[in-house]
Trainee: 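Below is a structure I'd like to ask you about.
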Amino acid sequence: MSSENNKKNWVGKPLPRKEEDRLLRGRGKFADDIKMREMLYLRFVRSPYAHARIVSIATSDAEAVAGVVCTLTGAEILPQVQPFIEIAPEPGGKIKDYPLAISKVRYQGEPVVAVIAESPGIADDAAELVQVEYEALDAVVDAEEALKDANILHEEAGTNRVWNGVFEYGDVEKAFSEAASVVHIDRLHFHRFSSTPLEANVVIAQWNPKDERIYYWCNNSFPSFAIQFLSAHLNVHIDRIRVETSDIGGSFGIKITSYPQMAVCALASKKAGGRPIKWVETRSEHNTSSAHGNERTFRDTRVALDKDGVITAIASRHIDDCGAYPRYEPLGCVIWSQVVPGVYRFKNTRIDFTQTVTNKCPVGPNRGYSRMQHLWFLERVVDICAHELGIPADEMRLRNYIRPEEFPYTTPNGCVYDSGNYPKMLQVAKGLIGWDEWKKKRAAARKQGRLIGMGIGTTLDSGTNNFGQSQIVNPGAPFSGNSQGANCKLDIYGEVVVAVGSCPQGQGHETTAAQVVADVLNIHPDLITVRTGFDTERNVHTGFSGTYASQFAVSGLSAVHGAAQKLKAEMKRLAAFVLETKEDDIEFGTGAQGPELRAKSTGKSINYWGLANIVNVNSAVLPVEMHDVTLNCRYIWRAPFKVPDKVKKYGNLTLTYASQLHIAVIEIDRDTFIPRILDYVAVDDCGTVINPAIVEGQVYGATAHGIGAALMESCVYDAVGNMLTSTFSDYTPITAVNMPKVKYGHIETPSPHSYSGAKGMGEGGAAPIHTISAALQDALFAEGIIVDDSFNNADSLFRAMVGKEIGQAAKLVTVERRP
Amino acid sequence: MYPRAFHYHRASSLKEAVTMLSQLGDDAKLLAGGQSLIPLMKLRFANPQHLVDLNFVPGTSYIKEEGGALRFGALTRHAEIENSATAAKIPILHDCAAGIADVQVRNRGTIGGSLAEADPSGDWAVVLITLATEVRCLGKKSERTVRFADFIKDAYTTALAHDELVSEVVVKKPPKGSGGAYIAFKRSAPVYPTASAAVQLTLDGDVCKDAAIALGCVGLTAIKARDAEAALRGQRITDKTIAAAMEAARAAADPQSDMRGSADYKRALVGALVKRAIEIAVRRARGEQVEVGHIYA
Ligand SMILES: Cc1cc2nc3c(=O)[nH]c(=O)nc-3n(C[C@H](O)[C@H](O)[C@H](O)COP(=O)(O)OP(=O)(O)OC[C@H]3O[C@@H](n4cnc5c(N)ncnc54)[C@H](O)[C@@H]3O)c2cc1C
């Protein structure tokens with residue numbers, strides 16, 4: 001038999017994904033694939049206005065349509081529910097959020113009435129007959145305008161401001177008084193976009209009158225969060241809510257906030273006598289009213305630098321726009337502070353952070369959530385200072401990067417960067433792209449009047465949150481730490497079955513969990529069944545379970561590893577008893593009868609079936625002292641966090657910090673203004689790699705999302721709050737024809753904070769957005785243009801270069817040089 | 001995303017389709033590739049009560065060379081034109097067919113449906129207006145031939161009567177010494193262009209004997225840029241004459257701002273596209289084989 005002496009390591013191998021066969025052959029099981037007897041279909045009637053008072057609603061014509069079972073309005077659900085939990089303290093905490101508009105609508109696309117019918121077509125027909133009379137109100141779509149409170153969205157809050165706080169560390173004024181130069185940047189803007197998962201939101205809900213329980217089959221990507229909101233909202237004991245997810249076609253955080261629709265579906269099922277209700281979101285609904293990423297404006301930035309161009313302090317005012325309802329917010333008001341200094345060494349900083357509501361779609365924690373906005377800001381600051389001071393972009397970074405020998409590095413606000421080597425990543429990336437040759441080509445091209453720019457973007461993907469940071473935004477919040485559950489068992493016939501509280505959307509959890517268990521038990525990963533998809537009834541979830549925020553490699557696999565270790569210990573004990581030997585005589589491997597445990601001294605062995613048989617169906621042979629052996633082992637992993645200091649806003653907010661460094665070479669065509677990526681490299685460091693193929697796939701996916709966001713994708717509203725990008729023809733998500741060839745490289749700095757050295761790496765920190773902004777600015781700086789927005793398509797470049805509307809350096813940036 | 005209920009009729013000949021149209025009245029519509037009509041019905045922007053399906057009419061999909069002209073059956077799919085060696089004898093037709101949306105749309109969408117739809121952003125009209133094109137229209141009583149210049153009247157409006165259909169599109173082969181090119185800027189494959197330019201030039205040595213220049217997506221219909229044509233006609237093609245044509249094209253454009261771009265940008269862009277299309281057209285007129293593709297964001 002193969003034994004532990006010739007043990008193979010599965011972790012670290014590019015094992016093809018176990019789920020690939022099913023997914024690529026179109027045999028995935030998605031929520032919309034579920035069909036049930038007596039199923040009804042729900043269609044929302046949505047607000048055409050961005051801001052309006054509801055004068056009246058008439059549903060009788062819709063109800064008269066044959067096949068319509070019922071309708072549901074805000075007024076009808078009001079007595080049955082509590083407003084959703086608000087995470088914010090006052091004033092944001094006073095906002096009342098219901099899943100159907102009550103007396104006002106606050107964004108175009110807000111659900112007003114639900115129509116429930118025997119078929120989706122009938123529901124669509126009837127929805128057209130619902131009459132809603134509105135009295136239009138002035139809409140406010142600009143964050144800074146909203147903060148003037150001339151038009152208030154939520155009267156009960158009395159202001160549009162959701163949250164405000166000052167994050168101050170070090171001695172900012174001293175740093176400015178000692179600075180050799182101070183750079184002022186008037187305004188930078190990070191645009192609103194979404195990662196547009198291929199599968200839109202789907203909810204099937206049944207409020208079953210027989211057992212008074214609510215059953216969900218859906219694709220929410222953070223179900224344990226959703227049930228906490230739903231339980232309080234619906235006045236239902238949390239144990240009475242069952243959520244199951246199956247395959248999910250992407251979430252990127254956008255599907256975390258589908259709980260309002262989940263609530264309506266449950267209430268509709270209740271009204272329809274317990275029949276299951278299916279709601280399948282259309283693409284236009286998804287684009288207008290699921291969730292968008294956070295938009296952020298950076299005002300009055302001041303940067304202090306020493307004589308060598310080393311940044312010593314940054315002070316700025318950040319205004320975050322969360323759309324009409326905060327929902328997951330204001331967590332974004334603190335989540336950015338996981339990366340206060342980015343990859344840089346400056347110690348002094350003051351960020352005055354405000355979040356406001358506007359008459360736009362509510363935001364959700366979109367891929368790179370809240371950190372990418374801040375990291376983009378820092379990269380803009382670094383590049384603008386570098387250009388203004390005449391320091392090359394690579395040199396500027398090397399002078400300011402946290403140094404490899406400084407890890408673990410404590411940031412000014414107490415976060416501990418576990419490991420990293422930014423100069424080395426830069427070196428690898430420069431090598432892959434041929435930095436020096438490109439510099440020569442750029443110089444030659446510029447002589448011919450061509451606009452070629454080279455840009456670097458360095459970024460962090462902080463993973464495994466300390467939910468204690470919620471107490472920084474709301475000292476009363478009852479959350480801290482992080483945990484994940486897993487179960488590992490030998491089933492009755494000896495099958496190894498693993499269950500985790502995650503709900504993967506393409507991240508390959510089935511494969512990586514099997515790799516981890518395979519190494520613990522010394523068997524082939526194909527022998528391990530991994531149950532993925534969330535199910536409250538599996539009892540492997542904690543309040544933090546789900547798939548979001550780059551954490552599975554750490555929280556999920558630590559839980560799986562813990563459960564597998566527990567199982568291994570029990571198997572060893574049981575085998576020693578059966579084989580009449582000592583535990584340290586037992587070795588794990590695979591023999592003629594499949595996976596087995598063997599006594600080294602005697603050569604006798606017992607296979608998994610034999611072990612499972614004794615515990616499950618032959619237990620009379622077990623002595624009493626072995627009764628605690630169940631071969632069914634649950635393990636809850638807890639992150640080693642403390643509650644942060646709420647007053648000082650200080651503490652460790654995340655466990656691991658993966659890093660990415662991208663370089664782009666871009667040419668802007670002088671005639672068409674179309675930016676073309678000539679060369680692109682992405683270098684990733686996510687610590688110890690569990691499955692290189694999966695990591696590489698995540699990097700390409702994140703890169704595509706980032707390039708799309710930088711050049712093509714923007715959620716656009718007109719001045720009165722009409723959403724102009726409700727279809728893919730208008731929104732134009734990135735497709736294969738838009739992708740440059742991406743060169744991929746990686747380095748590995750193992751994390752001392754995870755058992756395996758791995759770091760979470762799903763979000764990629766939107767490195768391409770920083771990188772493309774940097775490259776465009778490099779191309780345009782000589783033309784007097786500063787890239788001040790994260791979104792730059794041909795039209796915006798035209799307006800900057802010809803119309804001189806945006807990005808004019810003379811208006812945006814001033815440099816104060818001290819003698 | 002479900003259309004309103006409608007009645008479905010399957011025509012077995014074009015004549016029968018015309019008869020059905022006249023019997024069913026204004027609420028009936030023909031269904032060809034469905035790539036414009038079905039999305040509109042799903043969004044409930046179009047709500048016909050009757051659909052008359054042309055897809056099962058035999059002999060409506062063909063590409064023939066006859067008497068110095070190429071003839072396209074109304075139901076000929078964009079993909080068939082893209083992959084046809086006969087169609088490639090007029091290279092600008094291949095440029096157009098190969099650049100429409102993505103494979104799925106090209107496999108379904110038809111040339112007849114595109115012309116009948118007269119979408120202001122459609123590609124075919126821009127190209128066909130630079131060539132000697134005729135549209136054969138079949139009515140209840142007779143079939144008539146309409147010059148392409150008279151076929152598209154306005155955005156979404158053609159010379160077709162309600163009970164008339166496009167049966168064939170006839171394109172005369174350009175004379176010897178003629179070359180053309182069609183180039184669009186598209187943000188991604190499955191969307192309509194931000195702007196496009198079609199150029200067909202006939203050279204006599206270095207001198208441009210004849211020029212046809214059309215602009216797409218910068219007006220309610222394809223725009224024939226007559227001043228730009230005049231800037232080249234009878235002239236040698238030089239940087240100067242090209243620049244003059246570019247400027248004239250920009251002046252002829254009448255774009256609107258939308259998600260594809262601001263009006264000012266589209267105007268600037270269309271000039272640049274005209275310049276590129278002229279450069280390719282000249283090379284092709286001189287007998288060079290040149291592959292062109294659209295420019296994507
Ligand atoms: C995602 C997407 C992207 C697209 N991008 C482009 C693009 O970039 N460029 C472009 O040019 N087009 C584009 N299209 C449109 C495509 O080319 C369509 O095929 C075309 O516009 C309509 O042709 P059809 O055969 O599909 O017509 P249908 O949709 O079936 O019909 C369109 C209209 O024409 C009428 N009709 C159809 N056939 C006839 C006939 N023989 N006689 C009279 N009336 C008739 C119908 O009644 C209907 O009113 C796109 C479509 C989609 C879905």
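Letters A, B, ... mirror the listed sequences (proteins, then strands); counts begin at 1. All figures in this text were calculated on a predicted structure; none of them were measured in a lab.
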Trainee: Answer yes or no: are there more than 12 heavy-atom neighbours, outside A:F728 itself, under 6.0 Å from its atom CZ?
Mentor: yes
Trainee: Within a reach of under 6.0 Å around CD of B:E291, are more than 12 heavy atoms found that belong to other residues, nucleotides or ligands?
Mentor: no
Trainee: Around A:E783, counting heavy atoms of other residues, nucleotides and ligands shown, do more than 12 lie under 6.0 Å from its CD?
Mentor: yes
Trainee: Inspect the surroundings of CG in B:D239 and state if more than 12 heavy atoms from other residues, nucleotides or ligands are less than 6.0 Å away.
Mentor: no
Trainee: Looking at A:S284 and B:L43, what are the two nearest heavy atoms and their distance?
Mentor: OG-CD2, 4.3 Å
Trainee: Ignoring hydrogens and geometry, is there a side-chain-to-backbone donor-acceptor pair from A:D730 to B:M259 under 3.5 Å?
Mentor: no
Trainee: Heavy-atom distances under 4.5 Å only: say whether A:E285 touches chain B with side chain, backbone, both or neither.
Mentor: neither
Trainee: Measure distances from A:R283 to the heavy atoms of chain B and classify the residue's part below 4.5 Å as side chain, backbone, both or neither.
Mentor: neither
Trainee: Among A:A794, A:S119, A:S796, which has the most heavy-atom pairs under 4.5 Å with chain B?
Mentor: A:A794
Trainee: Just so I know, are the side chains of B:R187 and A:T735 near enough to count as touching, which here means a heavy-atom distance under 4.5 Å?
Mentor: no
Trainee: Where do B:S262 and A:D795 come nearest, in terms of heavy atoms and distance?
Mentor: N-OD2, 2.7 Å
Trainee: Does B:K42, at its NZ atom, have more than 12 non-hydrogen atoms belonging to other residues, nucleotides or ligands within less than 6.0 Å?
Mentor: no
Trainee: Within a radius of less than 6.0 Å around NZ of A:K804, do more than 12 heavy atoms belonging to other residues, nucleotides or ligands occur?
Mentor: yes
Trainee: Under a 4.5 Å cutoff for heavy-atom pairs, which residue among A:D669, A:L711, A:V280 has the most contacts with chain B?
Mentor: A:D669
Trainee: Do you know which two heavy atoms are closest between B:M1 and A:R43, and how far apart they sit?
Mentor: N-NH2, 4.0 Å
Trainee: Would you list the pairs meeting salt bridge (Lys or Arg N to Asp or Glu O under 4.0 Å) in which at least one residue belongs to residues 258-275 of chain B, sequence neighbours left out?
Mentor: A:D671-B:K275, B:D258-B:K266
Trainee: Working to the nearest 0.5 angstrom, can you tell me the gap between A:N793 CG and B:T194 OG1?
Mentor: 8.5 Å
Trainee: Between A:T672 and B:A272, what is the shortest heavy-atom contact and its length?
Mentor: CG2-CB, 3.7 Å
Trainee: Is the shortest heavy-atom distance from the side chain of A:D124 to the side chain of B:R44 under 4.5 Å?
Mentor: yes
Trainee: Between A:F798 and B:Y265, what is the ring plane arrangement, given parallel below 30°, perpendicular above 60°, and tilted in between?
Mentor: tilted
Trainee: If only atom types and distance count, is the side chain of A:N738 paired as donor or acceptor with the main-chain N or O of B:A297 below 3.5 Å?
Mentor: yes
Trainee: Do other residues, nucleotides or ligands put more than 12 heavy atoms under 6.0 Å from B:Y8 OH?
Mentor: yes
Trainee: Report which part of B:Y296 has an atom under 4.5 Å of a heavy atom belonging to chain A: side chain, backbone, both, or neither.
Mentor: both
Trainee: Go through the structure and list residues passing salt bridge (charged side-chain N to carboxylate O under 4.0 Å, His left out) with B:R106, not counting sequence neighbours.
Mentor: B:E82
Trainee: If you count every heavy atom of other residues, nucleotides or ligands that lies below 6.0 Å from A:L198 atom CG, does the total exceed 12?
Mentor: no
